[in-house]
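Each remark here refers to the structure printed beneath this line.
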Amino acid sequence: IDNGLNTVYADREGNIWIGSIAGLSIKEALDSKFPNYANIPGQSNSLGSKEAFRFYEDSRKRLWIGLREGFDQFDREKQTFVHHRKRKDGKRIGTVMSFFEDSDNKLWIGTFDEGIYRYDVKTDTYQSFEGFDPVTNDKIMLRDIWFIQEAPNHDLYIASYSTGIYKFDKDRNAFYRIIWEGKTIPLAGITAFHIDKNASLWIGSNVEGLIKLNKEKNVYKVFKNNPTNKRTIASNDISTISEDRKGNLWIGTKGGLSYLDTQKNIFTNYTEADGLNNNQIHGILEDAKGHIWLSTHKGISEFDSKTKTFRNYSINNGFDFNEFLERSALKLSSGEMVFGGLNGFNLFNPEKLVLNTAIPEVFIIDFELFNKSVSLDDENSPLSKAILETEEIHLSYKQNVFSFDFIAGNLSRTKENQYAYQLEGFEKDWNYVGTTRKASYTNIPPGEYTFRVKASNNDGIWNKTGKSIKIYIEPP
């Protein structure tokens with residue numbers, strides 16, 4: 001802001017507009033809905049590293065955070081972090097990728113490069129464990145321990161990205177790889193793992209799709225994408241698996257979100273074409289209302305499974321420079337949610353979000369022919385009114401390359417306004433284009449069409465009526 005102020009104005013959204021000799025500035029009224037906790041150089045009480053790989057809340061409601069070097073305990077009351085980098089013997093803990101408190105209240109910690117520990121919180125000591133092949137009894141180096149979970153009968157399983165699935169043998173105090181003669185259980189590329197309420201193991205990989213496994217019930221089923229069948233999983237590259245309160249599964253993939261009805265074994269897929277902000281799903285959580293929250297490559301999406309609609313939250317909502325990481329998501333006992341990424345983590349309560357409910361007006365602000373803006377003053381202009389007032393446009397068959405520019409009249413966090421458009425008579429579906437404010441068409445044949453555009457405000461509240469202009473392209 002320049003010192004040479006000329007005018008100050010408060011709009012109806014509460015934004016402050018400041019005019020000066022240097023130009024126009026705006027102080028937006030809305031604070032971030034999603035507070036960020038990050039590593040701040042020089043502040044020892046801040047998060048211990050830039051990345052936040054994994055979260056876990058134990059039975060005492062302590063929050064554990066997996067980091068590149070060790071882990072942190074987050075004191076919510078003091079808003080400070082206690083760092084754990086090395087063991088008492090001076091050896092490094094490693095890059096922490098997973099936590100789990102078992103039914104005996106013992107805390108397990110899985111690492112990328114130092115195996116798996118059972119950690120005694122009171123004595124601050126670590127016990128390491130080995131892995132074995134159950135047939136040859138050969139020792140297997142345990143690393144890349146991305147998942148730790150108990151089955152309903154309290155059997156403890158771990159899943160390694162690089163060496164397979166293991167079950168803990170309490171008698172032999174070691175982990176033994178799960179094998180099933182005649183069945184393929186991935187030994188590498190395991191990117192997702194979940195044990196459901198019926199004790200079935202669900203294994204997701206980056207190549208082999210999704211596998212359901214239950215040896216006791218003789219259940220083995222592979223789910224793979226079939227491009228010719230929309231009722232198959234969205235992609236064979238799986239990133240995360242989440243079970244909802246009804247026992248159905250939500251699977252995050254690199255090709256969108258898949259919902260699996262576990263009774264019918266039928267998938268329903270949702271992608272950017274349905275309003276999802278990005279097809280690369282990193283984390284999935286369910287809130288108290290049954291809404292599904294997704295961390296993606298471009299922010300957060302909230303999915304209402306009843307209305308089949310998405311509300312998207314991106315950079316200006318508080319996710320600046322925080323590219324989310326796979327599996328770095330947790331719902332706390334309080335109902336709050338945590339999503340982690342390359343720049344710390346965001347923590348919020350979905351029940352307490354205050355949304356901008358104002359439905360934005362939509363304006364078509366420019367019309368172009370062959371990439372040149374058309375005005376009333378142009379020779380042989382097809383416009384008889386200013387484009388803001390135009391209801392129909394008549395074109396010759398030669399004028400079949402045209403485009404429209406549009407904008408939403410929402411002044412709060414304008415970078416988060418979303419748009420969708422459709423040329424009725426030429427397109428069957430809406431084009432959800434995110435923040436793009438231009439629609440272009442080429443080689444449109446003669447006929448009658450209606451161009452429609454709709455928009456949402458920064459909190460995903462849509463003006464579903466939008467704006468429309470009829471287009472008549474005359475035949476030769």
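Just so you know, residue 1 is the first one in the sequence shown, and it goes up from there.
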Do the side-chain N and O atoms of N312 and S301 include a donor-acceptor pair separated by under 3.5 angstrom? yes

Is it the case that the side chains of R231 and T268 hold a donor-acceptor pair, with the cut-off being a distance below 3.5 Å and no angle test? yes

Under 3.5 Å, is there a donor-acceptor pair between the N214 and N198 side chains? no

Salt bridge flag under 4.0 Å for residues D102 and R118: no

Apply side-chain hydrogen bond (donor to acceptor under 3.5 Å, both in side chains) to the pair E101 and S59, showing each step before the final yes or no. CA-CA 8 Å; E101 183 181 19; S59 57; 2.8 Å; yes

I'd like to know whether the aromatic ring centres of W108 and Y56 sit less than 6.0 Å apart in this structure. no

Is the shortest side-chain heavy-atom distance between F310 and N277 below 4.5 Å? no

R143 to F112 six-membered ring, cation-pi geometry met (6.0 Å, 45°): yes

State plainly whether the residues R76 and E57 are in salt-bridge range, i.e. N to O under 4.0 Å. no

Verify whether one side chain among S103 and E150 offers a donor that lies under 3.5 Å from an acceptor in the other. yes

Among F99, F71, F129, whose ring pair (Phe, Tyr, Trp, His ring centres under 6.0 Å) with Y119 holds? F71

Provide the closest heavy-atom pair for T111 versus I93 in the form atom of the first, atom of the second, distance. CG2-O, 3.6 Å

Can you see whether N458 engages N356 through a side-chain donor-acceptor pair at a distance of less than 3.5 angstrom? yes

Would K91 and E114 pass as an ion pair if we require N to O under 4.0 Å? no

side-chain hydrogen bond (donor to acceptor under 3.5 Å, both in side chains) assessment of S258 paired with N269: CA-CA 4 Å; S258 288; N269 299 318; 2.6 Å; yes

Looking at every non-hydrogen atom in both residues, tell me the closest pair between S456 and P360 and how far apart they are. C-CG, 3.8 Å

Are Q422 and R452 linked by a side-chain donor-acceptor pair shorter than 3.5 Å? no

Under a 3.5 Å cutoff, is there a donor and acceptor pairing between the side chains of N278 and T296? no

Between N248 and T262, is a side-chain hydrogen bond (donor to acceptor under 3.5 Å, both in side chains) present by the stated rule, with each step listed? CA-CA 5 Å; N248 295 308; T262 52; 3.2 Å; yes

Mind checking whether F34 and F339 have ring centres under 6.0 Å apart? no

Side-chain touch K246/E286, heavy atoms, less than 4.5 angstrom: no

Do K170 and F168 meet the cation-pi criteria used here (NZ or CZ under 6.0 Å from the six-membered ring centre, within 45° of the axis)? no

Return yes if a side-chain donor-acceptor contact under 3.5 Å exists between Y441 and E427, otherwise no. yes

Is Q418 close to W462 at the side-chain level, that is, under 4.5 Å between some pair of heavy atoms? yes

Shortest non-hydrogen separation from I251 to F267 and the atoms involved: CD1-CE2, 4.0 Å

Aromatic contact between Y166 and F175, with the criterion being ring centroids under 6.0 Å apart: yes or no? no

Smallest heavy-atom separation, A234 atom then N225 atom, equals O-ND2, 3.4 Å

Could you check if a side-chain atom of D72 sits within less than 4.5 angstrom of a side-chain atom of S49, using non-hydrogen atoms only? no

